[in-house]
Amino acid sequence: MIKNGLINFLRFISPIFSEKKLIAKSNQVIFLPFYHCISNTNHEYIKNLYPVRNEKIFINDLDFFTHYFKPVDLDFLLNNKTVKEPVFHLSFDDGLSDVYNVIAPILLKKGIPASFFVNTDFIDNKDLFFRYKASIIIEKFKNYTKKELLIKKINKNISLHLSVNNFNTIIKSIDYNNKHILDKIAVLIDIDFNEYLQTNKPYLTTKQINELIKKGFTIGSHSMSHPEYRTIKYIDQIKQTTESMKFITDNFKPKHKIFSFPFTDYNVSLDFFNYIYKNNIVDYSFATAGLKIDNLNKNFQRFAMDGTLIPADKLVKAEYLYFLFKKIFNKNVIYH
Ligand SMILES: [Zn+2]
């Protein structure tokens with residue numbers, strides 16, 4: 001709460017600062033913004049989770065980035081960690097079809113490279129991220145006519161203590177380890193996720209990924225099924241990473257084996273990082289802690305651009321101010 005208040009304050013005062021001076025003062029010339037989705041359509045599978053930036057906001061974001069930073073591809077980023085001029089490398093998690101339909105055409109027009117991290121269980125619309133299932137269930141419930149009857153039916157079958165008032169909160173709080181509950185509720189509320197996947201095709205297909213690679217974009221793994229790593233066993237963290245990375249390597253033959261943590265790398269053990277690097281499972285990893293220095297030189301921290309509709313200049317300046325603030329207390333470095 002204190003952090004949110006501080007960030008809101010920093011966003012409020014950000015217009016009086018110059019981005020150039022903030023970059024120089026912080027000495028953070030590598031900026032790594034990441035997104036999930038850019039869309040003018042309010043997708044059912046995201047709309048109840050967080051606000052999605054539309055094409056107009058995205059284009060403004062890109063204009064801001066290119067004004068202060070030079071766009072670089074993955075190869076440049078990995079080979080120039082001591083670069084002097086400000087650079088940015090864009091990435092997108094979750095492998096949504098909007099990457100192919102909306103994002104890539106805009107980036108190609110502007111000549112901006114990017115990396116796309118995909119969940120191997122979801123490619124070709126084989127399955128759906130559990131958080132997206134929650135959003136679809138909430139959407140269906142909104143217009144459900146016999147709400148009380150349905151709640152009774154769900155509570156009888158699953159011990160959730162749902163009510164009409166707490167429905168959205170409880171559905172959204174179901175985590176990876178309980179995701180089977182969402183499938184049970186879907187049956188009771190009359191949603192067929194397979195049919196949903198085939199009709200709406202939220203994910204990239206193998207063919208689309210190959211086309212994106214041909215156009216110069218890079219592909220990495222975002223795990224198999226998007227668990228929050230700190231909540232699953234070490235052996236499952238290794239399995240999710242190894243098998244998804246192998247799938248990407250076998251199918252798309254990338255030059256660098258890159259992996260982005262689903263949700264966060266917070267509380268993931270140093271043993272895990274050592275294991276994936278030493279055994280050449282992953283060359284470089286990417287996480288989501290914002291503008292921070294990472295004590296592991298193969299792990300990059302990125303800044304989340306979505307979840308808010310605030311313009312890039314305010315968001316990014318506030319993030320630099322926040323970095324400088326944390327630096328006073330030596331909190332600007334992550335030690336794993
Ligand atoms: Zn993700």
Side-chain angles (χ1 to χ4, degrees), residues 32-39 43-53 58 74 89-100 102-104 114-136 172-179 182 193 197 200-205 208-209 212 217-232 236-237 239-245 247-248 252 254 257-268 272 276 282 284-290 299-308:
L32 303 172
F34 82 101
Y35 299 81
H36 294 86
C37 171
I38 301 295
S39 179
H43 297 303
E44 279 179 334
Y45 55 87
I46 299 185
K47 69 188 287 188
N48 297 303
L49 303 177
Y50 54 81
V52 168
R53 296 169 90 81
F58 182 54
L74 181 75
H89 180 67
L90 269 188
S91 56
F92 297 81
D93 285 358
D94 293 13
L96 294 169
S97 53
D98 282 333
V99 160
Y100 182 85
V102 179
I103 296 161
S115 296
F116 304 125
F117 293 99
V118 302
N119 294 102
T120 53
D121 279 3
F122 307 153
I123 297 174
D124 292 319
N125 294 290
K126 294 189 297 276
D127 201 354
L128 192 58
F129 178 25
F130 72 97
R131 299 275 295 153
Y132 293 163
K133 288 182 178 177
S135 181
I136 295 165
K172 270 200 270 188
S173 72
I174 295 171
D175 65 6
Y176 180 85
N177 296 305
N178 292 299
K179 63 180 168 39
L182 293 167
F193 286 130
L197 281 160
N200 296 281
K201 302 205 184 319
Y203 289 108
L204 288 168
T205 64
Q208 288 171 337
I209 295 173
L212 292 167
F217 295 108
T218 38
I219 299 292
S221 156
H222 192 43
S223 80
M224 296 160 68
S225 57
H226 211 297
E228 187 163 352
Y229 269 40
R230 62 176 160 167
T231 72
I232 61 170
D236 292 325
Q237 296 175 351
K239 184 181 177 211
Q240 285 273 343
T241 315
T242 310
E243 289 189 17
S244 63
M245 210 64 253
F247 183 96
I248 300 288
F252 305 114
K257 286 183 278 186
I258 53 167
F259 169 79
S260 83
F261 284 91
F263 297 108
T264 171
D265 66 347
Y266 183 70
N267 267 354
V268 172
F272 172 82
I276 59 166
V282 167
Y284 294 92
S285 51
F286 292 78
T288 57
N299 195 40
F300 292 85
Q301 293 298 338
R302 302 172 300 165
F303 176 64
M305 290 296 294
D306 47 20
T308 168

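Here the structure is a predicted model, which is why all the values come from computation and not from measurement. One-based numbering, in listed order, for ligands and for the atoms of each.
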Enquirer: Can you tell me how far the CG atom of Leu212 sits from the CZ atom of Phe217, to the nearest 0.5 Å?
Expert: 6.5 Å
Enquirer: Quick one: is the NZ or CZ of Lys133 closer than 6.0 Å to the six-membered ring centre of Phe130, and within 45° of its axis?
Expert: no
Enquirer: Under 3.5 Å, is there a donor on one side chain and an acceptor on the other for Arg230 and Thr264?
Expert: no
Enquirer: Honestly, is Arg302 close enough over Phe34, meaning NZ or CZ under 6.0 Å from the six-membered ring centre and within 45° of the axis?
Expert: yes
Enquirer: List the residues meeting ring-ring contact (aromatic ring centres under 6.0 Å, His included) with Phe300, not counting sequence neighbours, and say none if there are none.
Expert: Phe286
Enquirer: Without hydrogens or angle criteria, can the side chains of Asp98 and His36 be said to hold a donor-acceptor pair below 3.5 Å?
Expert: no
Enquirer: For the Zn ion (ligand 1), check which protein N, O or S atoms are under 2.8 Å away and list them.
Expert: Asp94 OD1, His222 NE2, His226 NE2
